[in-house]
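Data first, discussion second: the structure below is written as structure tokens.
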Amino acid sequence: MKMNRTHLSIAGAAILAALAGVAQVTAPEPASVPHLEKRRNATQLIVDGRPYLALAAELANSASSNLEYLEPYWSRLVASHVNTVLVAVSWELIEPEPSKFDFSLVDGVIRDARKHNLRLMLLWFGSWKNSMSTYAPPWIKKDTKRYPLLVDENSNNLNMMSVFYEANWKADANAYRALMRHVREVDGKDQTVLMMQVENEVGVRGTSRDHAPEAEKALNGPVPKELMDYLAKNRDSLIPEIRQQWAANGNKTSGTWREVFGSDRRGDGIFMSWYYARYIDQVAAAGKAEYPLPTFVNAALGDWVGQYSSGAALADTLNIWQAAAPHIDILTPCIYRPVFSEWASLFHRAGNPLFIPETRPDPGYAVWAFGRHALMGFSPFAYERSADGATPLARAYDVLGQLAPLILEGQSKGTISAAVLVPDKPSESVELGGYTFELKRGRGPGGPPANQQAPGQPAGRAGAQAGAQQAAGGRGQTGVPFEQGAFALSTGYAMFISTGADEFIIMGSGAQITFHPNTPGPKTASISTLEEGRYVDGRWVPGRRLNGDDTSLEYSLVEQAKLNQSGQGLRFGNDPSIVHITIYRY
Ligand code: DGJ
């Protein structure tokens with residue numbers, strides 16, 4: 001609905017301009033602007049009229065401040081099978097003086113991306129980048145009287161523009177509007193730019209809320225009616241964290257922030273969330289009025305709301321942001337901390353589609369989230385520095401790129417799933433199309449089955465990689481204390497797409513897979529046909545027909561019986577690959 005409305009307003013503006021005889025800039029046909037669309041089970045990004053899977057990479061923060069510096073990285077990203085690059089646009093560089101804009105860097109980035117057949121998502125480093133106002137132009141930074149800063153409980157100004165002052169959001173919105181107008185003018189036809197991130201990892205750090213005079217006034221004023229109405233209307237579908245905080249304070253339908261949400265840090269977090277979201281919504285709205293590309297905000301993950309990045313679009317404030325920011329389409333997590341799968345699941349709630357703009361370059365979690373959570377895009381941070389065609393992620397992106405149309409269709413129809421193995425979870429199962437697939441660490445392709453291997457023989461990629469894993473810490477937001485530390489890298493993975501009765505496309509790496517039926521009928525399942533291959537321009541090009549040692553996991557009848565009766569299964573080696581399998585039962 002939201003996007004349709006914006007499209008209509010653009011069309012309306014174009015008609016008005018035509019009637020007034022105003023020279024038209026090349027405005028694209030509204031329907032062709034990249035947009036989000038709910039297609040049955042998944043909300044997908046539509047580009048050139050078709051669903052799009054973003055196999056993305058985010059550049060390091062300063063990379064796009066110098067085109068010469070960036071030049072060598074484009075081809076490395078292409079070699080890494082990346083199709084979309086997330087690039088910062090810095091406020092201080094596009095508006096060095098008030099209302100004097102310089103878009104030469106933006107133009108250069110768009111030109112160079114096009115040269116390499118890459119798409120872009122632009123990250124608006126405006127009022128905040130990692131909470132701080134370091135990317136605001138000096139004329140803003142130096143004039144704290146006109147553009148007030150956030151004040152802590154000891155009356156110190158912190159280096160964060162306050163969300164409570166109109167001059168701040170208006171200045172930001174003015175710049176962002178000019179940026180979006182420019183992007184429409186230079187890119188409305190080619191559509192190299194697909195989405196916009198509005199600000200970067202916002203939220204108060206070091207204290208739980210703003211104490212500036214306008215903030216105090218807002219805190220002691222009523223909770224806005226729009227929020228109260230939203231909570232009442234969506235009472236039954238609110239995420240548990242918001243429902244609980246509201247209930248813990250008496251489920252009031254009006255009152256001050258403290259009366260409705262309490263005076264603890266969570267109450268502060270909800271209060272700040274509303275005002276950050278409102279500010280950012282007004283910036284996003286100004287941009288969408290010029291060019292309605294889909295928008296997202298990203299969040300640094302910490303423990304509970306109010307304790308870290310207070311006011312950010314965290315998993316436990318999703319509803320507040322949704323109520324306050326209708327011009328923001330996706331709330332996204334930057335996942336660097338354990339447990340990846342839990343953070344991803346927490347953000348794939350309340351109708352919020354999953355997009356991951358920042359994370360580590362782990363192919364297993366990319367595959368898992370594309371298969372399990374209708375992930376729209378996966379994007380490791382500062383990836384240009386390590387990008388080359390040989391990284392595990394690059395090899396997975398190659399295969400995911402071949403499968404993209406099937407993945408997108410599977411997400412929409414609900415005929416896709418996936419599993420990822422990590423050091424503390426060496427097996428996992430997936431149910432799809434009448435079968436349960438069991439994944440274990442792989443032994444690599446070919447060679448004799450397990451019970452024929454010489455003792456001490458390395459167990460493929462899994463064994464090698466597991467040693468190098470960083471230990472997983474505790475978990476995020478649902479209760480158990482949070483621990484610092486990166487999430488554990490995957491050791492193997494597989495994605496399953498059901499393509500017909502007893503027929504699947506499976507891609508995987510570092511995993512051994514067995515399967516059995518989970519519907520009434522003969523209880524043993526075995527391989528009818530198994531083919532390796534590649535998709536070239538959307539067409540399946542078969543490689544070897546696999547059989548014999550390549551499909552036997554056990555020779556011994558005793559071990560076969562323990563395994564799955566048939567002793568047959570799939571083995572994926574280090575290099576991600578695709579197979580087409582048909583299954584029969586006896
Ligand atoms: C998260 C931020 O959003 C990025 O811009 C960058 O600062 C990374 N953290 C660094 O790890």
Side-chain angles (χ1 to χ4, degrees), residues 54 56-66 69-70 73 77 82 84-94 105 109 120-136 158-161 172 176 195-206 273 276-277 280 283-284 295-303 307-315 317 321 328 330-338 340 343-344 346-347 354-362 365 377-387 393 470 473 476-477 482-489:
E58 178 164 332
L59 302 184
N61 297 159
S62 307
S64 54
S65 68
N66 186 295
Y69 170 89
L70 195 49
Y73 291 116
L77 291 164
V82 163
T84 310
V85 187
L86 277 62
V87 181
V89 174
S90 139
W91 187 4
E92 64 171 342
L93 296 180
I94 68 159
L105 282 172
V109 166
L120 296 171
M121 295 184 187
L122 301 182
L123 317 172
W124 173 235
F125 287 6
S127 295
W128 306 282
K129 155 74 175 76
N130 296 33
S131 300
M132 304 297 160
S133 296
T134 49
Y135 282 78
L158 301 187
N159 185 12
M160 308 176 207
M161 289 168 71
D172 188 328
Y176 185 70
M195 291 218 274
M196 298 298 301
Q197 178 185 293
V198 190
E199 315 295 340
N200 189 85
E201 290 194 349
V202 306
V204 186
R205 292 190 190 176
S273 295
Y276 268 108
I280 291 172
V283 174
T295 53
F296 61 96
V297 293
N298 65 339
L301 306 178
D303 213 344
Q307 293 178 333
Y308 186 76
S309 297
S310 180
L314 297 174
T317 49
W321 274 76
I328 295 296
I330 318 177
L331 309 172
T332 74
C334 300
I335 311 183
Y336 295 100
R337 297 175 170 193
F340 182 101
W343 288 113
L346 286 170
F347 273 78
L354 190 63
F355 177 74
I356 301 176
E358 286 186 45
T359 186
R360 301 167 72 200
D362 187 319
Y365 283 114
F378 182 87
S379 171
F381 178 71
Y383 187 54
E384 79 277 14
R385 293 173 178 166
S386 54
L393 183 68
Q470 297 196 41
Q477 285 182 294
F482 187 86
E483 285 173 32
Q484 295 288 337
F487 60 77
L489 290 174

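Only this structure's heavy atoms are used, side chains among them; waters, hydrogens and symmetry mates stay out. As the structure lists them, so they are numbered: ligands from 1, and atoms in each ligand from 1.
Annotation: side chain of Y176 is not in contact with side chain of I280 (no heavy-atom distance under 4.5 Å).
With no hydrogens or angles considered, a side-chain donor-acceptor pair links D172 and S127 at under 3.5 Å. Residues Y336 and E358 bring a donor and an acceptor atom of their side chains to less than 3.5 Å of each other. Inspection of the N200 and W124 side chains reveals no N or O donor paired with an N or O acceptor under 3.5 Å.
Residue-ligand proximity, F381 to ligand 1, at heavy-atom distances under 4.0 Å covers atoms 4 (C), 5 (O), 6 (C), 8 (C), 10 (C). Close contacts between ligand 1 and K129 involve ligand atoms 2 (C), 4 (C), 5 (O), 6 (C), 7 (O) [criterion: under 4.0 Å to a heavy atom]. Here is the list of ligand 1 atoms found below 4.0 Å of a heavy atom in N200: 2 (C), 3 (O), 5 (O). Each of the following atoms of ligand 1 lies closer than 4.0 Å to a heavy atom of E201: 1 (C), 2 (C), 3 (O).
With Y365 as the partner, the ring-ring contact (aromatic ring centres under 6.0 Å, His included) test is satisfied by one option alone out of W343, F340, F378: F340.
Here the heavy atom of the protein found nearest to atom 3 (O) of ligand 1 is E358 OE2, 2.6 Å.
The shortest N or O to N or O distance between N130 and ligand 1 is under 3.5 Å.
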